[in-house]
Peer 1: 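Take this structure, written in structure tokens, and hold onto it; I'll ask about it next.
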Amino acid sequence: MKIKNLKLKIKSRYFPQEIESKWQEIWDKTGLYKFSSKHGKKYYNLVELPYPSGDLHIGHWFSFVPPDVHARYKRMAGFDVFFPNGFDAFGLPAENAAIKRGVHPKDWTMKNVATMTKQFATMGTMIDWDYTAITCLPEYYKWNQWIFLKMFERGLAYRGKALSNWCEVDKTVLANEHIEAGKCWRCGAEVIQKEVEQWFLRITEYADRLIWPQMEETGGQPHADRDARSSFPQNQSQTSSLSESQLSNSEDNPSGQEPSFGSLADGLSSGKDHQPARNASASVAGGSSIINHKSFVDWPKQVIDGQNNWIGRSEGVLIQFPISNSQFSIEVFTTHPETADGATFLVVAPEHEFVSSLLNGKWQMANGKLKEIQEYVEQAKKKTEMERKEDRTKSGIFTSKYVKNPVTGKDIPVWISDYVLAGYGTGAIMAVPSADQRDREFATKFQLPIEKTSFKAKPENAIAKVNYHLRDWSISRQRYWGTPIPVIHCRECWEVKSQKSPARNASASVAGGKVKSKQGSDYSIIDGKEYAMIPVPLEDLPIELPYNVDYTPKGKPPLASDEEWLSVKCPKCGGKAKRDAETLDTFFDSAWYFYRYVSPNYDKAPFDQEKVKQLLPVDVYFGGSEHTLGHTLYARFFTKVFKDMGLIDFDEFADKRVQHGVVLGPDGNRMSKSKGNVVSPDDVVKEYGADAVRLYLCFMMPYEATAPWSVGAINGIYRFLKRVWELQDKIKNQKSKIKDELSREDYSQMHKAIKKVGDDLNNFQFNTAVAALMTWLNFLSAKDKIAKEEYETFLKLLAPFAPHLTEEIWQTINSSANSIHLENWPVYQANHLVEENTQIVVAVNGKTRATILVPTDKIEEQSEVEKLAKDNQSVVKYINNMQVKKVVYVKARIINFVVG
RNA sequence: GGCGCGGUGGUGGAACGGUAGACACGCAAGUCUCAAAAACUUGUGAGUGUAAAAGCUCAUGAGAGUUCGAAUCUCUCCCGCGCCACCA
């Protein structure tokens with residue numbers, strides 16, 4: 001007897017390890033998650049594509065699971081959810097790993113892609129892998145090259161110079177992370193700042209269009225191009241507004257699949273750190289008006305403000321300061337021209353052209369002075385950007401020249417200092433020590449005069465000027481593992497051209513990344529020789545990255561040493577020419593991958609415009625906050641370029657952005673191998689199952705928060721799932737079918753849960769959605785009998801979180817059932833949300849003194865509620881002998897007696 | 001220095017301006033057990049009070065304000081975290 005019982009128990013125990021892989025296989029075989037557009041309501045659910053680093057870690061789970069839960073909910077709610085994924089497969093880590101271990105970057109990368117794809121399967125997501133992109137494959141980067149060429153054609157990709165970290169020994173540009181204490185990490189040589197030729201994208205041209213409009217309280221982020229947007233099929237984007245009738249009676253909502261439309265509007269306006277949704281409140285008031293939720297975009301304030309700051313538009317003026325005893329002048333940018341009367345000296349950056357002209361001997365000057373200046377400038381140039389940032393003490397040198405202050409008419413001295421940046425404004429400032437902290441420090445240190453400003457001075461010769469903090473995007477990397485730049489450098493073509501127009505200036509200067517010439521350079525310089533830049537014809541794409549290349553560091557781009565690959569016939573003149581040996585920044589790859597996803601095999605263009613029309617813009621873009629300034633800005637930039645190229649007709653690629661936090665190690669620190677606090681998802685899955693991990697990641701904290709992993713808490717989640725599992729027995733052992741025996745309380749609990757879970761999932765509030773499920777489970781567990789309707793509804797609500805467990809139970813209790821993931825999301829009925837009696841708080845002078853139960857059909861009548869409240873024992877003693885001055889009644893919530 | 005986000009029990013966190021601490025974790029006691037684990041039940045902000053209850057007081061970083069009523073709105077300050085940073 002005992003043994004038999006034991007057997008039964010074991011049989012009915014929850015073993016996630018057994019059921020999870022089984023269902024993953026079945027879903028895969030039956031194509032359950034293949035995308036189809038049968039409902040005509042698309043929903044593009046996008047997560048930032050991962051880098052194939054080797055193994056899936058908890059961070060990947062955290063990035064993908066809540067979005068998957070959201071996607072599954074949307075799917076059950078009747079949307080055609082498009083949820084693809086790919087790999088951001090080019091980049092430095094592969095090259096470094098390869099150098100370290102002697103494996104080829106491609107082999108290393110593709111092996112990781114394979115491993116991680118397998119690991120993704122254990123997560124149980126509904127990702128449709130038919131739609132993917134692996135950026136290191138020619139069929140993807142071919143289109144990188146295509147886009148690059150189109151940009152080149154439009155003058156958006158250009159060759160220019162920028163100050164960079166430069167190692168004189170290795171003759172190469174170094175990234176900041178490759179400088180150790182001012183020295184080259186490879187050879188130990190001093191690193192200097194040098195103007196180096198490289199490829200740029202002219203993102204500054206789009207600065208104004210990339211600025212998010214700042215909306216007042218009532219606004220949202222308006223879509224810059226509403227008309228274009230409304231030319232899209234609108235069936236997916238028009239939602240009825242929130243109205244009482246829809247909330248109170250689901251039969252008025254025959255579309256039925258999306259019971260939370262009301263809360264959709266709510267959700268878009270509720271996020272504390274999000275811009276409020278335009279029109280939401282107005283349409284509630286208006287009743288019948290329509291919300292087109294695509295007429296605005298909803299991005300976190302953090303991103304909007306961050307990007308706007310980064311772009312850094314500032315309006316000011318240019319003022320000429322005439323150089324004494326000459327016909328030349330120095331131009332200055334300032335946002336405070338009204339302080340010009342307090343300008344007691346002028347400072348130019350060491351890279352300023354006036355300094356060069358001094359050093360070139362264009363100005364009469366004492367010999368010793370010239371040498372001093374030369375020394376100062378050289379020293380300043382030696383400083384790396386890092387050092388400039390760290391060392392804030394002012395240094396500088398007097399030029400011995402003066403300029404005339406156009407307001408006061410006084411001669412003021414010109415100084416050189418590296419606290420003035422060559423890359424911003426004109427590289428020269430008027431120093432107003434009485435108004436500016438930095439100028440004051442400088443003046444104090446070098447004993448320069450400090451004069452008060454009236455703040456009323458306005459130089460007559462000031463010209464309005466807008467400056468941006470944003471700089472053009474440097475996209476060339478002297479690396480192997482990236483997209484080859486599809487440009488051919490031809491000496492012969494250059495010679496022909498230069499003979500035609502012999503008067504050539506030096507190539508455009510981009511001091512500090514700031515473009516000075518609009519055009520950029522129309523020729524390149526390689527090893528000191530000029531070449532014409534000939535774009536590779538589109539039909540010759542892709543320029544494949546050769547496999548057998550010595551990619552170990554040698555001081556020049558690895559591709560530059562592959563003579564065979566490098567030498568090529570010039571497509572223009574047919575002569576001997578060279579390929580470009582540099583590769584594209586990987587941020588180029590990731591700036592448009594979500595367009596490629598929709599038609600990954602399309603071979604006529606980067607993407608199929610028809611498909612993009614169907615599926616974009618992205619409805620929600622999940623990712624980390626580290627991409628606030630880089631990736632998401634670049635992706636917006638590409639989108640605007642695509643629009644200008646006529647490839648698309650919208651302005652923003654994603655309607656909504658959701659940024660998640662970080663899962664820390666159990667010790668509260670960021671997970672890292674060296675700290676030994678890494679939680680391996682594989683291990684946890686082995687112990688608790690994927691469903692438990694999924695649920696825990698949703699439950700542990702708000703999605704945007706950062707908190708440590710808790711071993712205890714996941715155990716609690718496991719317990720919860722076990723209890724769900726064991727309810728099966730309760731259902732089975734019930735003799736009578738109690739379908740019609742649900743009480744008002746039962747219904748109320750059920751429909752509250754339906755509403756809460758749906759609303760929360762719409763609003764990305766995963767943690768409280770799980771809590772609502774727990775609350776309802778606690779209620780169900782305490783009951784003697786459970787109706788099948790209740791259990792099935794519960795499973796449906798749980799299905800997005802725990803797809804395996806719910807599928808297993810679903811198909812066990814319904815022998816002929818299809819997948820639970822094909823079920824419709826339950827629809828809550830407002831009349832069931834209401835209980836027989838409503839609890840109302842009774843307060844006296846704002847302090848809670850009692851709670852009373854009022855029959856729900858009486859809560860409209862204040863006099864009734866008041867009477868009941870006054871009858872209450874514990875209220876009586878506070879009101880007795882007092883004069884009731886005022887009674888505040890908030891329907892169904894609180895009644896407050898103000899006594900005195 | 002600028003911008004952004006936060007500060008609620010022992011912990012993670014809930015709270016349309018309306019019962020602060022939902023839901024969990026942890027902890028304590030109990031049931032079961034030879035025992036432990038697991039599971040289940042109960043309790044759990046702090047103080048005060050009581051045989052036990054009822055009850056009362058204080059509590060959302062500090063202080064003020066608005067309000068019948070404030071974790072929530074306003075102002076001042078303090079402290080954390082993130083990003084940017086000599087940007088004129």
Side-chain angles (χ1 to χ4, degrees), chain A residues 9 266 270 272-273 300-306 308-310 312 314 316 332-336 339 343 347 349 388-389 391-394 417-421 423-432 435-439 441-442 467-471 512 514 625-626 628-629 661-662 668 696 699-702 704-717 719-720 722-723 726 756 765 767-778 781 839-851 873-874 877 885-900:
Chain A
K9 261 194 169 168
D266 274 345
S270 70
K272 280 173 223 140
D273 55 347
K301 195 166 163 37
Q302 181 199 352
V303 178
I304 285 168
D305 288 353
N308 282 356
N309 270 333
W310 182 253
S314 68
V332 152
F333 174 76
T334 178
T335 52
H336 293 286
T339 64
V347 190
R388 280 200 183 193
K389 277 176 190 170
D391 182 16
R392 292 211 167 203
T393 56
K394 300 281 181 292
S417 173
D418 63 4
Y419 88 88
V420 173
L421 304 174
Y424 187 76
T426 63
I429 61 154
M430 61 172 201
V432 186
D436 186 283
Q437 170 78 30
R438 296 153 303 180
D439 296 346
E441 280 171 29
F442 194 83
N467 252 324
Y468 298 93
H469 178 199
L470 184 72
R471 294 173 184 184
K514 177 76 187 164
S625 51
E626 68 273 22
T628 295
L629 294 183
V662 181
Y696 173 61
F699 181 63
M700 66 184 291
M701 57 183 172
E704 62 279 5
T706 291
W709 178 271
S710 157
V711 179
I714 192 169
N715 204 30
I717 289 287
R719 211 148 41 208
F720 165 77
K722 253 192 325 206
R723 286 170 62 206
E726 280 154 14
K756 177 73 176 154
Q765 287 159 359
N767 58 332
T768 48
V770 176
L773 284 168
M774 289 173 165
T775 306
W776 191 26
L777 181 70
N778 290 345
S781 308
Q839 202 177 54
I840 290 176
V841 171
V842 184
V844 179
N845 285 344
K847 284 197 172 171
T848 303
R849 294 303 176 186
T851 58
Q873 281 297 313
S874 37
K877 60 183 175 190
K885 288 179 179 166
K886 191 176 174 185
V887 181
V888 181
Y889 175 57
V890 181
K891 196 182 109 186
R893 287 218 175 253
I894 192 167
I895 184 159
N896 186 19
F897 295 98
V898 184
V899 300

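Just so we're clear, the structure is a prediction, and the values are computed from it rather than from any experiment. Proteins get letters first, then strands, A, B, ... in listed order; numbering begins at 1 in each.
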Peer 1: Measure NE2/A:His469 against P/B:C83 and give the value in whole Å, please.
Peer 2: 16 Å
Peer 1: So does A:Asn896 reach the base of B:C68 with its side chain, donor to acceptor, closer than 3.5 Å?
Peer 2: yes
Peer 1: Should B:C81 form a Watson-Crick or G-U wobble pair with both distances under 3.5 Å, which nucleotide is its partner?
Peer 2: B:G4
Peer 1: Quantified in whole Å, what is the C1' atom distance between nucleotide B:A59 and nucleotide B:U48?
Peer 2: 14 Å
Peer 1: Within this structure, what is the CH2-to-P distance between A:Trp310 and B:C83, rounded to whole angstrom?
Peer 2: 13 Å
Peer 1: Would you classify A:Ala707 as touching base, sugar-phosphate or nothing, given that sugar-phosphate means primed atoms plus P, OP1 and OP2, and contacts are heavy atoms under 4.0 Å?
Peer 2: sugar-phosphate
Peer 1: Write down the distance separating the C1' atoms in B:C73 and B:U60, rounded off to the nearest Å.
Peer 2: 16 Å
Peer 1: Who does B:C86 pair with, Watson-Crick or G-U, both distances under 3.5 Å?
Peer 2: none
Peer 1: Please state the C1' separation for the pair B:U8 and B:A22 - nearest whole angstrom.
Peer 2: 13 Å
Peer 1: Could you identify the nucleotide paired to B:G18, looking across every strand shown and requiring Watson-Crick or G-U wobble geometry with both distances under 3.5 Å?
Peer 2: B:C68
Peer 1: Could you check whether A:Gly306 gets within reach of a base, just the sugar-phosphate, or nothing at all, counting any heavy atom under 4.0 Å?
Peer 2: nothing
Peer 1: With a non-hydrogen cut-off below 4.0 angstrom, is A:Leu629 in contact with a base, only sugar-phosphate, or nothing?
Peer 2: sugar-phosphate
Peer 1: Can you tell me if the side-chain N/O atoms of A:Arg719 get under 4.0 Å from OP1 or OP2 in B:C25?
Peer 2: yes
Peer 1: Using 0.5 Å steps for rounding, measure from the CZ atom of A:Arg723 to the OG atom of A:Ser781.
Peer 2: 4.0 Å
Peer 1: With syn defined as a glycosidic angle within 90° of 0 and anti as the rest, where does B:A54 land?
Peer 2: syn
Peer 1: Heavy atoms only, 4.0 Å cut-off, all strands: where does A:Asp439 land among base, sugar-phosphate and nothing?
Peer 2: nothing
Peer 1: Quick check against the 3.5 Å criterion: does A:Tyr696 have a side-chain atom that pairs as donor or acceptor with the backbone of A:Ser710?
Peer 2: yes
Peer 1: Would you say A:Asp439's side chain and A:Val432's backbone share a donor-acceptor pair under 3.5 angstrom?
Peer 2: yes
Peer 1: Strictly by Watson-Crick or wobble contacts shorter than 3.5 Å, is anything paired with B:G55, and which nucleotide is it?
Peer 2: B:U48
Peer 1: For B:U41, give the paired nucleotide (Watson-Crick: N1-N3 plus N6-O4 or O6-N4; G-U: N1-O2 and O6-N3; both under 3.5 Å), or none.
Peer 2: B:A29
Peer 1: For B:G21 and B:G26, measure between their C1' atoms and round to the nearest Å.
Peer 2: 16 Å
Peer 1: Rounded to whole angstrom, note down the P distance from B:A64 over to B:C58.
Peer 2: 15 Å
Peer 1: Under a 90° cut-off about 0 for the syn range, is B:G10 syn or anti?
Peer 2: anti
Peer 1: Side-chain N or O of A:Asn767 versus OP1/OP2 of B:A22: is the shortest distance under 4.0 Å?
Peer 2: no
Peer 1: Between B:A38 atom C1' and A:Lys722 atom NZ, what is the distance in whole Å?
Peer 2: 7 Å
Peer 1: Given the P atoms of B:C3 and B:C77, what is the spacing between them in whole Å?
Peer 2: 14 Å
Peer 1: Taking only N and O in the side chain of A:Lys847, is any of them less than 4.0 Å away from OP1 or OP2 of B:C58?
Peer 2: yes
Peer 1: Using whole Å, report how far CD1 of A:Ile894 lies from C1' of B:G17.
Peer 2: 11 Å
Peer 1: Using purine N1 to pyrimidine N3 plus N6-O4 or O6-N4 for Watson-Crick, or N1-O2 and O6-N3 for G-U wobble, each under 3.5 Å, what pairs with B:G63?
Peer 2: B:C75
Peer 1: Can you tell me the pairing partner of B:U11 across any strand shown, Watson-Crick or G-U wobble, with both distances under 3.5 angstrom?
Peer 2: B:A24
Peer 1: Could you check whether A:Pro702 gets within reach of a base, just the sugar-phosphate, or nothing at all, counting any heavy atom under 4.0 Å?
Peer 2: sugar-phosphate
Peer 1: Does NZ or CZ of A:Lys394 come closer than 6.0 Å to the centre of the six-membered ring of A:Phe442, within 45° of the ring's axis?
Peer 2: no
Peer 1: Expressed as a whole number of angstroms, how long is the span from A:Asp436:CG to B:G1:C1'?
Peer 2: 11 Å
Peer 1: Taking the same atom, P, in B:G4 and in B:G9, what whole-Å distance lies between them?
Peer 2: 27 Å
Peer 1: Distance check: side-chain N/O of A:Arg893 vs OP1/OP2 of B:G17, anything under 4.0 Å?
Peer 2: no
